[in-house]
Amino acid sequence: MDFFEVLHNRKTTNGPFDPRPVSREHQKMLMEAASRAPSHFNSQPWRFVLLEDKARILEIAEIAGHSMEHLIQAGLFFERYRPYFRFSEAELEARGDGIHFDQLPGPLKPFAKQVMSPTGISIMRSLGVPKMLGKDNKDLVAGSPLILGVMLDKTEYIPGKLSGFYSVFGMGAALENIWLTTHALGMGIQFISTPMEIPESWEKMKSILRVPDNLELMAVYRLGYAKEGNRRPSIDWSSRHRKKLSQYVYRETCETPESDE
Ligand SMILES: Cc1cc2nc3c(=O)[nH]c(=O)nc-3n(C[C@H](O)[C@H](O)[C@H](O)COP(=O)(O)O)c2cc1C
C-alpha cells in the first residue's frame, strides 16, 4: 500500500471488528513496526502485552463498560470533554478540530446542545443513557479479537524528568507506527480509555494483564480486522476533519500564520 494512502486513511475504528483472530504474522508485524520508532538514545522504553484469551478480554470488557457507565452517570465524561464536542458540520468545518456529537439516542436529539448541562445529564440518567453507552462500550471490547497493553519501563519513564517526557514522546511514535500498520494490514484499532479515568478500574486492568512493578501501564487498545458496514456509534471518536495550515503552522516567526494557498 502506498505510504501516503496509509497516512491519509488511517483512522480510529469506532465500530465492531470482524471476529476472526489476528494472525500471529500480523501481530508480529505490528510489534516490529513499533520497534522501528525513534526513541531517546535508542532506549526503546516501550513494552507491549498482546492478549487474545477470551476470558481475560471479557474481564476487560466488563471494566470498560462499567467505567463508561460511571463516567456518564456521574456527568464526568461530558464535564471533561465538552470542549471537544462539535454540534454541526459548519462548526467542525470552521474549527477543523473536535468530534461530531450528532449520534445521540433518539429521545435526546432535540436536546443535543443542552445534553452537557446538569438538566441534560439528569434527562440522560432518566432515559438510561449511561447504561446504554456502557453496554455499547463493553460489547465493542468483548467482540475484539486482540487487546494490546502499552507499558513504559519505569527506569526511563520518570514523570517530571526529561527521560519521562522523552519516553512518552517515543511511545507516541511507536503507537503511530502500529496505528499506520493496522491500516496497511486491513485492520483497525481503538483506545480503551475509560478505565484510565477511574483509578480502581485501572488497577484492575493492571492486575488482569499482570503488569509487573517495574513497568507502568500507559494505554490499552482493542484491535482486529476491519469490518464493513458498521453504523456510526453514539459517541463517534473518529473524525476526518483537520485544521487548515493557517490554524496550526507559522512561517519564519510565530507572528505569521502559514498561508492556506
Ligand atoms: C492521546 C489520545 C487519546 C485518545 N483517546 C481516545 C479515546 O479515549 N477513545 C477513542 O475511541 N479514541 C481516542 N483517541 C482517538 C481520537 O479520538 C482520534 O484520533 C481523533 O478524533 C481523530 O480521528 P481519527 O483517528 O479517526 O483520524 C485518542 C487519540 C489520542 C492520540
- Taking all heavy atoms of D18 and all of A226, pick out the closest pair and write down the distance. CB-O, 4.1 Å

- Message: If you compare all heavy atoms of R125 against all heavy atoms of G75, which two are closest, and at what distance to 0.1 Å?
- Response: NH2-N, 4.3 Å

- Query: Less than 4.5 Å apart, any side-chain heavy atom of W237 and any of T13?
  - Reply: no

- Decide yes or no on side-chain contact (heavy atoms from CB on, under 4.5 Å) for V168 and L152, but give the supporting numbers first. CA-CA 8 Å; V168 174; L152 282 176; 4.3 Å; yes

- Query: Any salt bridge between R232 and D102, counting N to O under 4.0 Å?
  - Reply: yes

- Working for side-chain contact (heavy atoms from CB on, under 4.5 Å), residues E156 and Y166: CA-CA 8 Å; E156 292 296 335; Y166 283 160; over 6 Å; no

- Who are the salt bridge (charged side-chain N to carboxylate O under 4.0 Å, His left out) partners of K243, not counting sequence neighbours? D97

- Could you list all the salt bridge (charged side-chain N to carboxylate O under 4.0 Å, His left out) pairs where at least one residue sits in residues 191-202, not counting sequence neighbours? R80-E197

- Please confirm whether the backbone N or O of H241 pairs with a side-chain atom of S239, one donor and one acceptor, at under 3.5 Å? yes

- Message: Could you check whether Y225 and H26 have their ring centres less than 6.0 Å apart?
- Response: yes

- Item | Distance (rounded to the nearest 0.5 Å) between M31 CE and K28 NZ | 12.5 Å

- Donor-acceptor under 3.5 Å (Q247 side chain, A94 main chain): yes

- Item | Interatomic spacing from CG in L223 to CZ in F17 - rounded to 0.5 Å | 6.0 Å

- Query: Think R86 forms a cation-pi with F101, using NZ or CZ under 6.0 Å from the six-ring centre and within 45 degrees of its axis?
  - Reply: no

- Say whether, by atom type as modelled, one donor and one acceptor occur between the side chain of N177 and the main chain of A33 under 3.5 angstrom. yes

- Task: Kindly compute the distance separating CG (L215) from CH2 (W46), expressed to the nearest 0.5 Å.
- Result: 14.5 Å

- Dump the intermediate steps for side-chain contact (heavy atoms from CB on, under 4.5 Å) on I178 and F48, then the final yes or no. CA-CA 11 Å; I178 293 177; F48 300 100; 3.9 Å; yes

- Query: Is there a side-chain contact (heavy atoms from CB on, under 4.5 Å) between M205 and I63 once you walk through the steps?
  - Reply: CA-CA 8 Å; M205 299 283 272; I63 296 168; 4.1 Å; yes

- Task: For the residue pair H40 and L162, establish whether any side-chain heavy-atom pair is separated by less than 4.5 Å.
- Result: no

- Item | Rounded distance [0.5 Å steps], NZ in K154 versus OG in S163 | 13.5 Å

- Item | Between CD on residue E25 and CG on residue L30, distance to nearest 0.5 Å | 10.5 Å

- Centroid-centroid distance, F165 to F169, less than 6.0 Å: yes

- Message: Distance check, rounded to the nearest 0.5 Å: I208 atom CD1 versus I57 atom CD1?
- Response: 11.0 Å

- Could you tell me which residues satisfy side chain to side chain contact (heavy atoms under 4.5 Å, CB included) with R210, sequence neighbours excluded, listed by chain and number? R56

- Within the side chain of N230, is there an N or O that forms a donor-acceptor pair under 3.5 Å with the backbone of P16? yes

- Hey, is the main chain of A64 close enough, under 3.5 Å, to the side chain of N137 for a donor-acceptor pair? yes

- Message: Less than 4.0 angstrom from a charged side-chain N to a carboxylate O is my criterion; do R24 and E52 meet it?
- Response: yes

- Query: Got I99 and F85 here, is their nearest side-chain heavy-atom distance under 4.5 Å?
  - Reply: yes

- Could you walk me through whether S67 and T194 pass side-chain hydrogen bond (donor to acceptor under 3.5 Å, both in side chains), step by step? CA-CA 6 Å; S67 40; T194 49; 3.3 Å; yes

